[in-house]
Amino acid sequence: LRPQLLATLASELTFSPDYDRRCALGAEAVAAARCLGDPATLARVLALIQVPLWAPAARAERLRDVDELATLADRLDDPTLSFWVAMFRFGAAVEAGDFAAAEAKAELLLDIASAQGQPFFHYLARIVAYARYRLDGRFPEAEARAEEFHDIGRAHGFPDRNRLHAGLRYFLCYDQGRLGDVVDQHLEIVASQRDTPTVRAMCAIALVELGRPQEARAVAAPLARARPDDVPLNHTWLFVTTLLAEACAGVEDPPWAEVLYERLAPSADLVATLLATFVSGSVHHYLGLLAAALGRDDVAGAHFTEAATA
């Protein structure tokens with residue numbers, strides 16, 4: 001019981017600013033599970049700590065843990081664990097720019113969901129399929145998966161379905177130059193002060209794209225003044241920070257650009273993804289935007305070249 005309690009506590013603290021505490025809880029949970037000698041307990045602990053400890057610098061350790069989790073899932077013949085292994089490996093494959101491997105994991109998730117018949121598996125498999133089709137530029141298929149995702153969520157009362165569906169729609173509009181379709185919704189959220197750094201950055205990006213720079217600067221201003229831990233280090237960090245980078249470059253704020261460049265530079269060779277749902281793209285691209293905002297044209301060009309080959 002104790003290993004799972006520790007891992008659950010780490011999971012519940014996913015959005016807390018204290019990443020070191022989550023790491024300590026995760027390490028203690030894994031050590032306790034190993035001492036217990038029960039493969040099922042160790043597997044559940046490894047699954048629980050993946051999201052709260054998902055940070056760019058911990059990638060190698062995370063991949064080792066997922067490999068061990070995959071071995072345990074096979075040994076236990078547990079389809080639920082196998083589903084989560086495929087989810088984690090889909091996100092890791094996208095992060096590495098290995099889209100062929102990501103497509104294979106997306107297919108596996110659909111297969112497991114169909115075999116098990118669990119609504120939540122179908123729900124998550126649809127959002128992964130959305131990401132897969134969006135990466136391929138197959139926008140009608142991506143939109144269809146987004147609507148299926150929302151329908152399943154509504155039918156079964158899954159929380160956050162509306163917020164996530166709004167995000168899916170936003171990025172399809174972003175890809176197709178239709179941000180005017182969704183900007184008012186984001187402005188309303190910002191005006192109501194129910195926004196997050198993610199929503200505010202998305203709103204600022206849309207306003208820049210629509211040729212409304214003064215409004216974009218007003219929306220982005222609180223982000224530039226935010227503390228580093230306002231975006232907690234977890235599975236969302238890299239994705240959200242790339243959105244902040246695009247907003248920053250759009251409103252041309254050099255001091256903020258310098259801060260964001262330093263934060264993103266160690267992750268330059270990764271593709272920014274929010275686990276298995278949203279993908280913003282090569283981190284080199286966002287470093288290029290920031291370097292350009294700082295007037296470092298040669299550095300920006302080198303980043304854009306790297307992004308194009310990622």
Side-chain angles (χ1 to χ4, degrees), residues 15 134 139 142 146 162-232 236-265 267-268 271-274 277-297 299-301 303-304 307-308:
F15 288 94
R134 183 176 163 243
F139 301 130
N162 292 330
R163 180 178 60 82
L164 290 170
H165 182 251
L168 300 180
R169 287 192 63 240
Y170 175 95
F171 287 103
L172 281 176
C173 290
Y174 175 95
D175 292 336
Q176 298 173 81
R178 297 191 293 111
L179 284 172
D181 293 352
V182 295
V183 69
D184 287 343
Q185 178 185 11
H186 287 75
L187 281 168
E188 289 174 7
I189 296 172
V190 169
S192 70
Q193 299 185 339
R194 293 181 291 112
D195 62 292
T196 62
T198 308
V199 171
R200 189 170 281 268
M202 290 162 64
C203 187
I205 291 166
L207 290 167
V208 169
E209 288 294 316
L210 294 169
R212 297 158 63 177
Q214 290 184 334
E215 290 175 84
R217 290 188 187 97
V219 167
L223 298 173
R225 299 192 298 268
R227 300 169 303 173
D229 61 10
D230 283 349
V231 180
T236 70
W237 184 88
L238 187 58
F239 173 78
V240 174
T241 306
T242 59
L243 296 185
L244 296 176
E246 184 165 357
C248 171
V251 301
E252 300 176 342
D253 186 328
W256 187 23
E258 190 74 66
V259 170
L260 291 173
Y261 188 94
E262 291 179 5
R263 290 181 193 169
L264 281 175
S267 305
V271 172
T273 176
L274 198 165
T277 53
F278 303 109
V279 182
S280 56
S282 168
V283 175
H284 273 295
H285 171 76
Y286 297 94
L287 288 167
L289 293 177
L290 294 169
L294 291 165
R296 302 170 188 167
D297 293 344
V299 174
H303 281 304
F304 289 138

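Given the structure is predicted, the values throughout are model-derived calculations rather than measurements. These numbers come from the heavy atoms of this one structure, side chains and all, not from hydrogens, waters or symmetry mates.
Ser192 places a side-chain N or O within donor-acceptor distance of the main-chain N or O of Ile189, the cut-off being under 3.5 Å. With Thr273 contributing its side chain and Phe278 its backbone, the two residues share a donor-acceptor pair below 3.5 Å. Checked by atom type and distance alone, the side chain of Arg200 never pairs as donor or acceptor with a backbone atom of Ala220 at under 3.5 Å. The main-chain N or O of Ser280 is found under 3.5 Å from a side-chain atom of Tyr286 such that the two form a donor-acceptor pair. In this structure, the side chain of Asp230 engages the main chain of Arg227 through a donor-acceptor pair within 3.5 Å. Side-chain N or O atoms of Arg134 include one that pairs as donor or acceptor with a backbone N or O of Val279 at under 3.5 Å.
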With side chain to side chain contact (heavy atoms under 4.5 Å, CB included) as the criterion, how do His186 and Val190 come out once you've worked through the C-alpha distance, each side chain's angles and the decisive distance to 0.1 Å? CA-CA 6 Å; His186 287 75; Val190 169; 5.6 Å; no
Test log, rule side chain to side chain contact (heavy atoms under 4.5 Å, CB included), inputs Thr277 and Leu164: CA-CA 9 Å; Thr277 53; Leu164 290 170; 5.7 Å; no
Val219 vs Glu215, test: side chain to side chain contact (heavy atoms under 4.5 Å, CB included). Steps then yes/no. CA-CA 6 Å; Val219 167; Glu215 290 175 84; 5.5 Å; no
As a quick check of understanding, evaluate side chain to side chain contact (heavy atoms under 4.5 Å, CB included) for Val182 and Met202, giving each step before the final call. CA-CA 10 Å; Val182 295; Met202 290 162 64; over 6 Å; no
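Within the 4.5 Å cutoff, side-chain heavy atoms of Leu238 are placed close to those of Leu264. Between Leu207 and Leu187, some side-chain heavy-atom pair lies under the 4.5 Å cut-off.
Between Val299 and Tyr261 the shortest heavy-atom distance is CG1-OH, 3.6 Å. Between Gly288 and Ala300, the closest heavy-atom pair is O-CB, 3.4 Å. Summarising the geometry of Ala206 relative to Val183, their closest heavy-atom pair is CB-CG2, 3.9 Å, with the distance given to 0.1 Å. Residues Leu287 and Ala268 come closest through the heavy atom pair CD1-CB, 3.6 Å. Considering every non-hydrogen atom in both Ala249 and Ala293, the closest pair reads CA-CB, 4.2 Å. Taking both residues in full, the closest heavy atoms of Ala216 and Val208 are given as CB-CG2, 3.6 Å, listed atom of the first, atom of the second, then distance.
In this structure, Thr198 OG1 and Arg163 CZ are separated by 8.5 Å, a value rounded to the nearest 0.5 Å. Here CG of Asp253 is found 9.5 Å from CG of Leu294. Values are rounded to the nearest 0.5 Å. Note that the CZ atom of Phe239 and the CG atom of Leu274 stand 6.0 Å from one another [nearest 0.5 Å]. Separation of atoms CG (Leu260) and CH2 (Trp256) is listed at 6.0 Å; rounding is to 0.5 Å. To the nearest 0.5 Å, atoms CG (Asp175) and CZ (Phe139) are separated by 4.5 Å. Here the CD1-CG distance, from Ile205 to Leu210, works out to 12.0 Å after rounding to the nearest 0.5 Å.
Aromatic ring pairs are classed by plane angle as parallel below 30°, tilted from 30° to 60° and perpendicular above 60°; the pair His303 and His284 is tilted.
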